[in-house]
Amino acid sequence: MSKLGARSVIAVPYIWLLLFFLVPFIIVFKISFAEMQYSIPPYTELVEFVDEVLTINLNIGNYYYLIDDSLYAKAYLSSVRIAFFATIGALLIGYPMAYAIARADANTRNALLMMVMLPSWTSFLIRIYAWVGILKNNGLINNGLMSIGIIDEPIALLNTELAVYIGIVYAYLPFMVLPIYTNLVKLDNSLLEASADLGCPPWKTFLTVTLPLSKAGIIAGSMLVFIPSVGEFVIPEMLGGAETLMIGKVLWQEFFNNRDWPVASAVAIVMLLLLLVPITFFHRYQSRELEA
Amino acid sequence: MQTGKLSTWSKSFLSVGFFFLYAPILILVIFSFNKSDLVTVWAGFSFKWYGELFRDPQMLGAAWISLKIAVLAASAAVVLGTMASIVMVRMGDFKGKTAFTSMITAPLVMPEVITGLSLLLLFVAMGQSLGWPGERGMLTIWIAHVTFCTAFVAVVITSRLQELDDSIEEAAQDLGAPPWKVFFLVTLPIIAPALMSGWLLAFTLSLDDLVIASFVSGPGSTTLPMAVFSSVRMGISPQINALATLVILAATIAVFIAWWFAQRSLKSTTVVGDD
C-alpha cells in the first residue's frame, strides 16, 4: 500500500478513538479535582490566570469525601461482590450450554448459536422489564405459587439482591456462552481420544483435559460479564430497589440527582482503577485473538 | 471436538438454558395481547395496547429519533470499524499499535456509566473552549454511538479478515491492481456478509442504548429507550409490552435475514473451495 494511503487508513479510526475514547478519560480525571459550583459548567476551573497570577486549584476533597462517607466503600464492595457471584452463576449455566452446542453437528450448532444470540438482539431494557412482571408481589411467580397454595402471602422477590443476580445472569448469559463455545469448538479431538484410550473415564478427561484447555474462553467470558456488571445501572435500578447498593447507580444519582459532576467524576475514576486489572486481563486475551 | 448426536445431559442443559432465556420474552409477548390493564392477570385477547402505542406521539417521536441515530451510527461505525480491522490484520506493526488495540478492546467491556459521563464531560469542555458542539442532542448521541459501536464492528470484521485467504488479494496485486482497487474489487465483496452483520449489530446496539444516550442527550432528543425507561419508572404499562413484542419481531426478522446471508456466503465459499 502507498505510504500516504496506509497512513490515512490508520489515522482516521485512530484519531476518532483518541478524541472520543481516550481524551474523555483525561477530562474526567481533571474534573474529579474540581469543585462543584452553581453555574455553567457546574464545576470550577483547575487553572486560572488572573492579573498575571497563575493559580492552580487541585481539590482532593472529592476523593476525601469518597473515603469519609462509608456509603461509597459499601457500594464499591457490594458491586464487586454482586458482579462476582453473578459471573459464577452465568458460568455455571453458560459452560454446559457452550459445551453442548460445541458437541452438536454443524447444522444444529449454527441454529443453537443463533438461539443464544437472538435475545441479545432485542432490547436489553425490555428484557429486564420482563422480569419486573415476573418477580413483583402480584407477579407471575407469586400469583402462581399462591394459586396452588404453596404460600399464603407473596414473598418479596423484586427489589432484592436476588432479583439483581437473576437480571445480570439473564442479560449477560450470551456473552459467557459465545467465547467459551469459540474455544471449545477448536479443541483438538485427538487429545480427548488419547485420554480415553489411556483408560481415563469421561469425567476425568473433562476435568484434566477439556476444562484446562478452555481456560482462555472461560476468562474472556467471565470478564465480558464481570466488568460491565460492576458498573451496571439499569439492572439494580429496575430490579434491585432502594436497598441494593451498586456503584453505577450511585454515580448516576450523583450526576443526575445531586448534579455534582466532580464527585461523579471521582466515583468514575475510582471505579476505573478498580477495573484496571480485569480490563488488562481481558485486553491481553482479546488482543491475542485480534492479532493472531 | 467430537460432534454428533446430543446426549441426554446436553439436551437437558440446553433446555434449561433456553427456557431461562426465552420464558420471560414469551410472557412479555403473551401479555401484550391482554385486555386488562393489569399486566399479570389475563382478561382476554385484545390489540388495544398496540392501538394505544401507535397513538402515543411521544413514543413515536422517540422511536423515529432512535431509528435515525441508529442508521447513521451503524453506517459510520462500519466504515471506521472496517478501517480499524484492516489496520489490525493487514498493516503489520506500527508505532502505537498497542494503544490502538486497547482502544478497540476497552469499549467492549467499559461500564456504560463511565463512557457516558466521560463523553458528556468532553462535549461540555469542547463547547466551552471551542464553541462546538453548541448544544447536545442527536449529533452528540451519534458521536457517542459511533465510538462504542466501532469497537464491536471491528471485532466482527477482524475475525472474518483473519479467516480470509490473502492469496486472492496478492494475486490481484501481482497483476498490477493498485491497493484501493484490490480493496474495493476483491476484499470488500468477500467480507460483505461480515459488514452486513457488523452493521446490524451496531444498529441494534445503538437502538438499545439507554445509559450513554441519557448522559449526552439534550432537550428535544429523547431516544426510544429513554422514553421507555421513564414510562417504566412511572409503573408497569401493557403498552410497553406491545412495543417489546414489535421490537422482538423486528429483531427476529433481522437475525433470520443475517443468518440467511451468512449461510449463503458459507455455501458459496465451500463450493469455491471444493473445485
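A, B, ... follow the sequence lines: proteins, then strands. Residue 1 opens every chain. Because the structure is a prediction, the values reported are computed rather than measured.
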Part of [X] lying under 4.5 Å from any heavy atom of chain A:
X	value
B:Ser214	both
B:Leu28	side chain
B:Ser118	both
B:Leu201	both
B:Phe148	neither
B:Ile27	side chain
B:Arg90	neither
B:Phe203	neither
B:Leu120	side chain
B:Leu210	side chain

Side-chain touch [X]/[Y], heavy atoms, less than 4.5 angstrom:
X	Y	answer
B:Phe229	A:Glu237	yes
B:Val124	A:Trp261	yes
A:Phe281	A:Phe226	no
A:Ile134	B:Pro24	yes
A:Val116	B:Phe18	yes
B:Glu112	A:Pro228	no

Could you check whether any side-chain N or O of [X] sits under 3.5 Å from a backbone N or O of [Y], counting only pairs where one atom can act as donor and the other as acceptor?
X	Y	result
A:Ser195	A:Leu191	no
A:Tyr172	A:Ala90	no
A:Ser265	A:Ile31	no
A:Thr122	A:Leu118	no
B:Asp209	B:Ile212	yes
A:Arg127	A:Pro119	yes
A:Tyr181	A:Met97	no
A:Ser79	A:Ile247	yes
B:Gln239	B:Asn241	no

Exercise. Please check if any side-chain donor atom of A:Tyr99 sits under 3.5 Å from a side-chain acceptor atom of A:Ser214, or the reverse.
Key: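 Side-chain D/A pair, A:Tyr99 to A:Ser214: absent.
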Contacting moiety of [X], where chain B heavy atoms sit under 4.5 Å:
X	value
A:Met223	backbone
A:Leu272	both
A:Val12	both
A:Trp121	both
A:Tyr170	both
A:Leu251	side chain
A:Phe256	side chain
A:Val177	neither
A:Phe124	both
A:Ser8	backbone
A:Leu173	side chain
A:Leu224	both
A:Ile269	neither
A:Phe255	side chain

Counting heavy-atom pairs under 4.5 Å to chain A, which of [options] comes out on top?
options	result
B:Ala84, B:Ala99, B:Ser102	B:Ser102
B:Thr252, B:Leu80, B:Val87, B:Thr204	B:Leu80
B:Ile104, B:Ile143, B:Val247, B:Val89	B:Ile143
B:Pro107, B:Ala125, B:Gly17, B:Ser10	B:Pro107
B:Leu161, B:Leu243, B:Leu200	B:Leu200
B:Val16, B:Leu121, B:Ile248	B:Leu121

Quiz item: Which one, A:Val169, A:Val267, A:Val23, leads in non-hydrogen pairs under 4.5 Å with chain B?
Solution: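 If we count pairs closer than 4.5 Å to chain B, A:Val169 comes out on top.
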Quiz item: Under a 4.5 Å heavy-atom cutoff, which of A:Gly94, A:Pro278, A:Ala130 has the most pairs with chain B?
Solution: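 Ranked by contacts with chain B, first place is A:Ala130.
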Practice problem: Can you establish whether the number of heavy atoms outside B:Phe184 located under 6.0 Å from its atom CZ is more than 12? | Solution: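 It does not: B:Phe184 CZ has 12 such atoms or fewer within range.
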Quiz item: Would the B:Trp9 and B:Phe13 ring centres measure less than 6.0 Å apart?
Solution: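 Yes - the distance between ring centres of B:Trp9 and B:Phe13 falls below the 6.0 Å cut-off.
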